[in-house]
Undergrad: 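Structure below; questions to follow.
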Protein chains: 2
Amino acid sequence: MRNYGQYCPIARASEILAERWTLIILRDILNGVHTFSALADGAPGLSRTLLSTRLDQLQRAGVIDISPNPSGRGNLYTPTEAGHDLGPVMLALGTWGERWIELAPEHLDPGVVLESWVRQYLDHDRLPEGRVVVRFDFPKLAVKGNQLWCIFDRSGSEVCRTYPGFEEDLVVRVDARALAEWHLGKITWGQGHDAGLIEVMGPPGLAAALPTWNKQSGWAHIDIGERRT
Amino acid sequence: MRNYGQYCPIARASEILAERWTLIILRDILNGVHTFSALADGAPGLSRTLLSTRLDQLQRAGVIDISPNPSGRGNLYTPTEAGHDLGPVMLALGTWGERWIELAPEHLDPGVVLESWVRQYLDHDRLPEGRVVVRFDFPKLAVKGNQLWCIFDRSGSEVCRTYPGFEEDLVVRVDARALAEWHLGKITWGQGHDAGLIEVMGPPGLAAALPTWNKQSGWAHIDIGERRT
DNA sequence: CAGTATCCCTTATGATACTG
DNA sequence: CAGTATCATAAGGGATACTG
């Protein structure tokens with residue numbers, strides 16, 4: 001049953017929002033991700049079929065608009081006013097999640113960690129001129145998938161799962177959890193470094209610059225000290 | 001895939017909360033509904049099997065406690081501290097739902113409307129001594145299921161789908177939407193009455209008392225005037 | 001009564017192939 | 001590339017029967 005039959009506002013909202021992937025997609029749209037492919041890239045594990053279905057449902061529910069992309073092909077998926085108004089819901093949900101749901105190994109897909117970095121936390125204005133290619137080694141993982149590349153570029157950065165063909169400027173040996181906690185504002189880069197969880201190899205200037213290319217996470221302020229899980 | 005693989009707090013929270021029925025069940029538990037049967041009654045359409053599964057998941061996620069019911073048989077399902085802390089999430093979600101999701105006919109199961117009345121909005125302290133039996137006729141509906149009974153009693157009220165065997169003290173002809181909107185604080189009883197959507201037959205004193213047995217809805221203050229759906 | 005195990009079916013979803 | 005239609009499959013969920 002897709003319908004709860006309840007007039008309660010929580011039930012009405014849940015009919016639309018409490019579906020698999022829906023909130024993830026909406027989070028990204030609200031964060032400025034507006035194209036089909038970019039949404040797909042940000043959610044590995046979500047099939048394009050299902051993404052298409054969800055976007056349809058959100059449009060019919062009046063939460064997003066779908067309009068042809070003026071520049072380039074395809075559509076643009078943008079929040080309606082109702083969609084924008086989901087901000088407080090996202091904030092409440094994320095605040096709760098950060099406080100109460102422990103960061104478990106299954107939350108630490110390194111590809112997602114790097115994608116998030118590039119999409120959410122990277123401050124392109126702080127990047128140096130030109131292209132910086134960084135290889136990330138995740139030593140804790142099985143050999144398959146323990147190496148990823150990031151291409152940092154003011155005009156658009158991206159994550160590659162295979163050698164991108166450009167020479168590596170830096171190599172970073174890093175624990176996926178440390179990287180995630182750094183993004184979340186739980187630890188500083190220096191703390192990760194001192195704990196031996198982050199190690200950067202390459203030109204010292206560039207190595208020192210890497211952690212400065214970031215914006216502050218919106219979740220950093222949440223106090224999980226009170227948590228008793 | 002049950003897991004999003006994402007460290008983002010919204011994703012972590014969604015893994016647990018964004019499942020079918022989960023928020024409905026949690027809403028009820030947070031509202032003081034603590035037994036299996038009462039939870040099942042409050043969610044027609046939810047099978048006991050699934051309810052059982054969801055309660056299990058919520059316990060494992062640390063959102064509720066399950067403990068033997070000291071009085072009576074069965075268990076008590078109560079919020080943990082993490083569960084209590086969902087209050088703001090529920091509030092944000094309900095506020096959004098009330099503002100943006102129109103009350104459609106499929107939200108107006110009259111059984112649910114009456115159940116909600118009895119469970120959420122009824123102020124037992126204001127009930128008169130003894131038992132008051134009220135039949136509700138929902139004239140807009142097909143013959144099947146258009147009559148329901150409520151037994152109002154200080155020691156516990158309930159909804160019956162068949163004639164409960166007690167003589168009716170009042171008969172109410174009512175539009176399900178009007179009743180729901182009254183509960184939500186969108187209209188007053190008098191407005192519903194004047195619009196011909198609520199009609200009470202029976203002793204005038206009792207008829208006048210009926211709408212005074214209520215508590216104020218928590219959603220009443222939400223301004224949907226700005227909504228543009 | 002208060003659940004839970006089992007079985008079976010429906011629905012949801014992923015893979016693939018396809019189209020503008 | 002940006003999706004969408006089709007189909008096979010897996011997962012989710014309901015009915016029933018069962019247990020303390």
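Note that the structure is a prediction, hence the values are computed from the model and not measured. Chain naming here is simple, since letters A, B, ... match the order of the sequence lines and numbering starts at 1 in each. Because only heavy atoms are used, hydrogens play no part in the values below, and waters and symmetry mates are left out as well, while side chains stay in.
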Undergrad: If we ignore hydrogens and angles and just use 3.5 Å, is the side chain of A:Trp149 paired with the main-chain N or O of A:Gly165 as donor and acceptor?
TA: no
Undergrad: Between atom CZ in B:Arg73 and atom P in D:dT19, what is the gap in whole Å?
TA: 18 Å
Undergrad: Which is true for A:Asn75 with a 4.0 Å heavy-atom rule: it touches a base, it touches only sugar-phosphate, or it touches nothing?
TA: sugar-phosphate
Undergrad: Considering only D:dA2, C:dA2, D:dG3, which nucleotide approaches the side chain of A:Ser37 most closely?
TA: D:dA2
Undergrad: Taking only side-chain N and O atoms of B:Tyr77, does any of them lie within less than 4.0 angstrom of OP1 or OP2 on C:dG3?
TA: yes
Undergrad: Run the ring-centre check on A:Trp21 versus B:Tyr4 and record whether the distance is less than 6.0 Å.
TA: yes
Undergrad: Grab the CG-P distance between A:Leu39 and D:dG3 for me, whole Å please.
TA: 9 Å
Undergrad: Name the atoms and distances for all side-chain donor-acceptor pairs under 3.5 Å in residues 44-53 of chain A, with sequence neighbours left out.
TA:
unit_1, atom_1, unit_2, atom_2, d
A:Ser47, OG, A:Leu50, N, 3.1
A:Thr53, OG1, A:Thr49, O, 3.0

Undergrad: I need the CG-P distance between B:Leu55 and D:dG13, as an integer number of Å.
TA: 14 Å
Undergrad: When you measure only distances, ignoring hydrogens and angles, does the side chain of A:Thr35 come within 3.5 Å of the base of D:dA2 through a donor and an acceptor?
TA: no
Undergrad: Using 4.0 Å as the upper bound for N to carboxylate O, is an ion pair formed by A:Asp56 and A:Arg54?
TA: no
Undergrad: Stems in DNA chain C: runs of 3 or more consecutive Watson-Crick or G-U pairs, distances under 3.5 Å?
TA: C:1-20 with D:1-20
Undergrad: D:dT4 C1' sits how many Å from A:Gln57 CD, rounded?
TA: 15 Å
Undergrad: Between A:Glu15 and B:Arg20, is the closest basic N to carboxylate O distance under 4.0 Å?
TA: no
Undergrad: Check whether the side chains of B:Asp65 and B:Ser67 place a donor and an acceptor atom closer than 3.5 Å, and report yes or no.
TA: no
Undergrad: From the set C:dG14, D:dG13, D:dA2, return the single nucleotide nearest to any side-chain atom of A:Ser47.
TA: C:dG14
Undergrad: Rounded to whole angstroms, how far apart are CZ on A:Arg20 and C1' on D:dG12?
TA: 9 Å
Undergrad: Strictly distance-based, threshold 3.5 Å: is any side-chain N or O of A:Tyr163 a donor or acceptor partner for the main-chain N or O of A:Phe166?
TA: yes
Undergrad: Roughly how many Å is it from CZ in A:Arg54 to P in D:dG3, rounded to a whole number?
TA: 17 Å
Undergrad: Per the atom types in the model, does the base of D:dA15 pair as donor or acceptor with the side chain of B:Thr49 at under 3.5 Å?
TA: yes
Undergrad: Tell me the interatomic distance from B:Arg48, atom CZ, to C:dC7, atom P, rounded to whole angstroms.
TA: 22 Å
Undergrad: Rounded to the nearest angstrom, tell me the gap between atom CG in A:Leu50 and atom C1' in D:dC7.
TA: 16 Å
